[in-house]
Peer 1: 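Following this message is one structure expressed as structure tokens.
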Amino acid sequence: MNPILQQAPSNDETLSSAAEFFRTFGIAELFNRSAGKGKGIPAVRILQFLFALVFLRKTFFEMMRENSLPWGKDTFYRFLSESRINWRRFLLVLAKRLLDTFFLPLTMESRDRVLVLDDSAYSRNRSKKVELLSKCYDHCDHRHFRGFRMLSLGWSDGRSFLPLAFSLLGSAKEENRLFGARETDGRTRGAHRRKEAVMKTPEAALVLLDAVLSNRMKADFLLFDSWFATNQFLHSVHRKGVHSIAMVKDFNSMQFLVGREDGTKKRMKLSGLYGKVNSVFGKKDILGSVLVEVDNGKDSPEPPLPVKVVFVRNRKSGARREWLAILCTDTSVPDEEVVRIYGKRWSIEVFFKACKSVLRLSKEFQTRSYDSMVAHTSIVFLRYMMLSFELRRSEDDRAYGEIFCRCCEELEDISFVASLALLLEMLRSAVRAGIDMTEAILERMFTEFVRKTPGFLRNKIGVLAAFSMS
């Protein structure tokens, strides 16, 4: 049976858009590079079916009960459990192609492009024998749950969000892991994924950042929440050539170096820094900023990192503190710009909400294999890429392409040429009225006039033949 995207009905706009998305960006070719060759049904056809499944408004199990699946259910489970598919490489290469061919041409060079790092709960509360199932803590709901933390890294220009890479993290502590991992060939991608799943969160975040930067996807800043804002993580990101903007909280583990009048430096918590600006600034949204340093530990030989801490009024009612603090490792950025750029971090929260509410993250398949969960999460990321592409294309007129831009330029040139043609015709009329000349002499004078005009005007006059002149 042909894959569903190839036989999408013409009246179904969503499936037609999905088919166009696959064709436009050569997704089948990119996936075959990451999946390798195999026997039986081509893997890309199974990917196409699973990708479009959410748009059919039916679940996999409903289609299985109705006996409407194109292949047996074991075909799909074997595909999802395949440990040799390099899903991260597939997503990164596709994201690079989307950025280079579509998003970046629509983004001005002066516009800030950021990477956004955050994690979200991947709940499997009803499961017992899922690989690397762990007891995790949800910082938003302030409760423990069974499952994983989906650490994600995405790109944003403030208008669009594109997911780049992720890692399903279990617990780094073995006593918090409720089920172990199965034996896997250490040479496969599945084995590497399982090793990464038990890393500490900052280590896994740096692995994701390395993967993105190695694919030449550059950004001006890395944005993250206060859970990642530690001295060591800030230094690690800075060593990779990326500036950070992060929310910081008044933790004992997060201390700053403040210069004294005698040239020495004093360690100070965040609340102490706020005392330095509170008495100077009045009741404004941005209360003020202070330039300090962050070291990489008391005994680290690495020089301290200069940072700017911007204090913003906390508008949340009933908040324990009346201020929030945002840290930026680029001290030349103005306070207002630091706050504005950090606001782009909200795009990843919208992404998490869409994945869980609309794209069936962690709900479509209840598999026990860790590879299956990674595969399905990758398909959910792929679906969001298409939605982001379609949303930007529908909102941005420049997405109609080069032909549209050339037509706009051509219209401007024609307007200029029409004005020039009118002036030249007026010149001809004046010469005819004042001097008795033959038409041949008049044409020679006109030709000589055109020859002596500057080059950029001669190019414009060259299209005057398109206008009828008496």
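Scope of the values below: all heavy atoms of this structure, side chains included, with no hydrogens, waters or symmetry mates.
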Peer 1: Tell me if a side-chain donor or acceptor on Asp157 pairs with a main-chain N or O of Arg159 at a distance below 3.5 Å.
Peer 2: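 Looks like yes, one N/O pair under 3.5 Å.
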Peer 1: Is Lys135 reaching over with its side chain to a backbone N or O of Leu178, donor-acceptor style, under 3.5 angstrom?
Peer 2: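 It does not hold such a pair.
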Peer 1: Checking Thr107 against Arg113: is there a side-chain donor and acceptor pair closer than 3.5 Å?
Peer 2: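 No donor-acceptor contact under 3.5 Å links the two side chains.
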Peer 1: Let me confirm one number: the CZ-OG distance from Phe351 to Ser388, rounded to the nearest 0.5 Å.
Peer 2: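 The OG atom of Ser388 is 10.0 Å from CZ of Phe351, to the nearest 0.5 Å.
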Peer 1: Between Arg194, His376, Arg189, which is the residue that forms a side-chain hydrogen bond (donor to acceptor under 3.5 Å, both in side chains) with Asp371?
Peer 2: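 Only one of Arg194, His376, Arg189 forms a side-chain hydrogen bond (donor to acceptor under 3.5 Å, both in side chains) with Asp371, namely Arg194.
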Peer 1: Is the NZ or CZ atom of Lys249 both under 6.0 Å from the centre of the six-membered ring of Trp227 and within 45° of that ring's axis?
Peer 2: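 Here Lys249 passes the 6.0 Å and 45° test against Trp227.
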Peer 1: Within the distance-only criterion (no hydrogens, no angle test), does the side chain of Ser81 pair as donor or acceptor with the backbone N or O of Arg78 below 3.5 angstrom?
Peer 2: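 A pair under 3.5 Å: no.
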Peer 1: Keeping Thr329 on the side-chain end and Ser244 on the backbone end, is there a donor-acceptor pair under 3.5 Å?
Peer 2: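 Indeed, once roles are kept as given, a pair shorter than 3.5 Å links the two residues.
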Peer 1: Please report the C-alpha distance between Phe161 and Val350 in whole Å, then the side-chain angles of each, then the deciding distance to 0.1 Å, and finally whether the side chain to side chain contact (heavy atoms under 4.5 Å, CB included) criterion is met.
Peer 2: CA-CA 9 Å; Phe161 179 82; Val350 177; over 6 Å; no
Peer 1: When you measure from the side chain of Ser214 to the backbone N and O of Ala211, does any donor-acceptor pair fall under 3.5 Å?
Peer 2: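 Yes, because the side chain of Ser214 sits within donor-acceptor range (under 3.5 Å) of the backbone of Ala211.
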Peer 1: Who are the ring-ring contact (aromatic ring centres under 6.0 Å, His included) partners of Phe31, not counting sequence neighbours?
Peer 2: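 Scan of Phe31 (ring-ring contact (aromatic ring centres under 6.0 Å, His included), adjacent residues dropped) gives Trp87, Phe90.
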Peer 1: For Ile379 and Phe365, what are the C-alpha separation, side-chain angles and deciding distance, and is it a side chain to side chain contact (heavy atoms under 4.5 Å, CB included)?
Peer 2: CA-CA 12 Å; Ile379 294 172; Phe365 294 92; over 6 Å; no
Peer 1: Check for a donor-acceptor pair, side chain of Ser134 on one end and backbone N or O of Ser171 on the other, with a separation under 3.5 Å.
Peer 2: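 Looks like yes, one N/O pair under 3.5 Å.
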Peer 1: What residue among Val212, Val374, Val207 forms side-chain contact (heavy atoms from CB on, under 4.5 Å) with Arg88?
Peer 2: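 Exactly one candidate clears the test, Val207.
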Peer 1: Would you list the pairs meeting salt bridge (charged side-chain N to carboxylate O under 4.0 Å, His left out) in which at least one residue belongs to residues 381-391, sequence neighbours left out?
Peer 2: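 The answer is Glu364-Arg383, Glu390-Arg393.
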Peer 1: Counting only N and O atoms by type, is there a donor-acceptor contact under 3.5 Å from the side chain of Ser68 to the main-chain atoms of Met63?
Peer 2: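 Between the backbone of Met63 and the side chain of Ser68 there is a qualifying donor-acceptor contact (under 3.5 Å).
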Peer 1: Please, which pairs that meet salt bridge (charged side-chain N to carboxylate O under 4.0 Å, His left out) have at least one residue in residues 228-246, sequence neighbours excluded?
Peer 2: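 Listed once each, the pairs are Asp210-Lys240, Arg239-Glu302.
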Peer 1: Is the backbone N or O of Val294 less than 3.5 Å from a side-chain atom of Asn231, with the two atoms forming a donor-acceptor pair by type?
Peer 2: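 Checking the backbone N and O of Val294 against the side chain of Asn231, no donor-acceptor pair under 3.5 Å is found.
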Peer 1: Would you check if the side chain of Asn125 reaches a backbone N or O of Arg146 as a donor-acceptor pair within less than 3.5 Å?
Peer 2: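 Yes, because the side chain of Asn125 sits within donor-acceptor range (under 3.5 Å) of the backbone of Arg146.
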Peer 1: Could you check whether any side-chain N or O of Arg345 sits under 3.5 Å from a backbone N or O of Asp225, counting only pairs where one atom can act as donor and the other as acceptor?
Peer 2: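 No; zero donor-acceptor contacts below 3.5 Å.
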Peer 1: Which class fits the ring pair Phe221 and His243: parallel under 30°, tilted 30 to 60°, perpendicular over 60°?
Peer 2: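 It falls in the tilted class, 30° to 60°.
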